[in-house]
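Being a predicted model, the structure only gives us computed values, none of them experimental.
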Amino acid sequence: MANNTLIETTVLRRSPAEHLAGEMAAATVTGERAVALREVAFATQVGLRAAPGTAGHQQLADATGVGLPAQVGEVAGDVTGTAVLWLGPDEFLVFAPENVQLSEQLTQALGDQAGQVVDLSANRSVLELEGPSAPLVLRKSCPADLHPSAFAVNQAITTTVANVPVLLWRVSEQTWRILPRASFTEHTVRWLVDAMTEFGSPEVD
């Protein structure tokens, strides 16, 4: 019975941007000015709180397998497996692929030490913007300095896109992950799709 319930729940669940998949696909631009937008659905996201220097911080750092980042913009690990994004001096977001069971493991690792482990997988959607024109799309409304000298691969910061608070994570030279709250997903997707439109038009000399 439990297995049947799990199967039914998996079939019924919907990701925040699932109904926008067609619009995102239709907005894809190819060629020299390429840019594409997609959703990374159902990623595992776990929020951690623990003060640096405490036993709880050390135990959580060990349990992630990649440690905990120590400063603004730093990411421990990378997008190919488990990654931990720095949100504040004692606040972190653990990111992993779908169905990676981290919350219980990290809770057990923290034990009775001071700190917090919260499953946030449904809290934020994950959008991936890719292509040589991706930073140009972002620059239309993101106030952060996106130049490679200021924003390197595998860095992540809290900023805004289209006036929406997001986590912005550069996962490769031409690929960015944008994490808005789930309730702002539709606004963010539609803004990005609109911002991509010009790159599908011929350039004017």
With sequence neighbours excluded, residues passing salt bridge (Lys or Arg N to Asp or Glu O under 4.0 Å) with [X]:
| X | result |
| --- | --- |
| E74 | none |
| E104 | none |
| R38 | E128 |
| E39 | none |

Mind listing the closest non-hydrogen atom pair of [X] and [Y] along with its distance?
| X | Y | value |
| --- | --- | --- |
| A63 | A109 | CB-CB, 3.4 Å |
| Q174 | A134 | O-CB, 4.1 Å |
| L93 | G47 | CD1-N, 4.2 Å |
| S15 | F42 | N-CZ, 3.6 Å |
| V35 | S133 | CB-CB, 4.0 Å |
| P180 | T188 | CB-OG1, 3.8 Å |

Going by atom type alone, with no hydrogens or angles, which donor-acceptor pairs under 3.5 Å involve a side-chain atom of residues 155-165 and a protein atom two or more places apart or on another chain?
| unit_1 | atom_1 | unit_2 | atom_2 | d |
| --- | --- | --- | --- | --- |
| Q155 | OE1 | A152 | N | 3.0 |

Exercise. Do any pairs count as a side-chain hydrogen bond (donor to acceptor under 3.5 Å, both in side chains) and have a residue in residues 18-27, sequence neighbours left out, and if so which ones?
Worked result: H19-E186, E23-R190

For this session: Sequence neighbours left out, what pairs pass side-chain hydrogen bond (donor to acceptor under 3.5 Å, both in side chains) with at least one residue falling in residues 143-153?
Result: H147-S149

Side-chain touch [X]/[Y], heavy atoms, less than 4.5 angstrom:
| X | Y | answer |
| --- | --- | --- |
| L146 | R170 | no |
| L179 | L168 | no |
| E91 | L48 | no |
| V46 | L120 | no |
| S121 | E98 | no |
| Q58 | T54 | no |
| V153 | V171 | no |
| T44 | N99 | no |

Side-chain heavy atoms under 4.5 angstrom apart, residues restricted to Ile, Leu, Val, Met, Phe, Trp, Tyr: same cluster for [X] and [Y]?
| X | Y | answer |
| --- | --- | --- |
| V29 | V193 | yes |
| M24 | V126 | no |
| L68 | V66 | yes |

Mind listing the side-chain donor-acceptor pairs of residues 75-88 below 3.5 Å, one per line with the distance, residues two or more places apart or on another chain?
| unit_1 | atom_1 | unit_2 | atom_2 | d |
| --- | --- | --- | --- | --- |
| D78 | OD1 | T80 | N | 2.9 |
| D78 | OD1 | T80 | OG1 | 2.3 |
| W86 | NE1 | G88 | O | 3.3 |

Problem set entry | Distance under 6.0 Å and angle within 45° of ring axis: R49 vs F92 |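 Here R49 fails the 6.0 Å and 45° test against F92.
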
Suppose the criterion is ring pair (Phe, Tyr, Trp, His ring centres under 6.0 Å): which pairs have a residue in [range], not counting sequence neighbours?
| range | result |
| --- | --- |
| residues 155-178 | F95-W169, F151-W176 |
| residues 102-129 | none |
| residues 123-145 | none |

Exercise. F184: what forms a ring-ring contact (aromatic ring centres under 6.0 Å, His included) with it, not counting sequence neighbours?
Worked result: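 With sequence neighbours excluded, F184 shows a ring-ring contact (aromatic ring centres under 6.0 Å, His included) to no residue whatsoever.
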
Exercise. Are side-chain N/O atoms of N123 and R181 paired as donor and acceptor at under 3.5 Å?
Worked result: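 Side chains of N123 and R181: pair found under 3.5 Å.
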
Exercise. Step by step, would you call E130 with R177 a salt bridge (Lys or Arg N to Asp or Glu O under 4.0 Å)?
Worked result: CA-CA 9 Å; E130 181 177 20; R177 288 199 171 176; over 6 Å; no

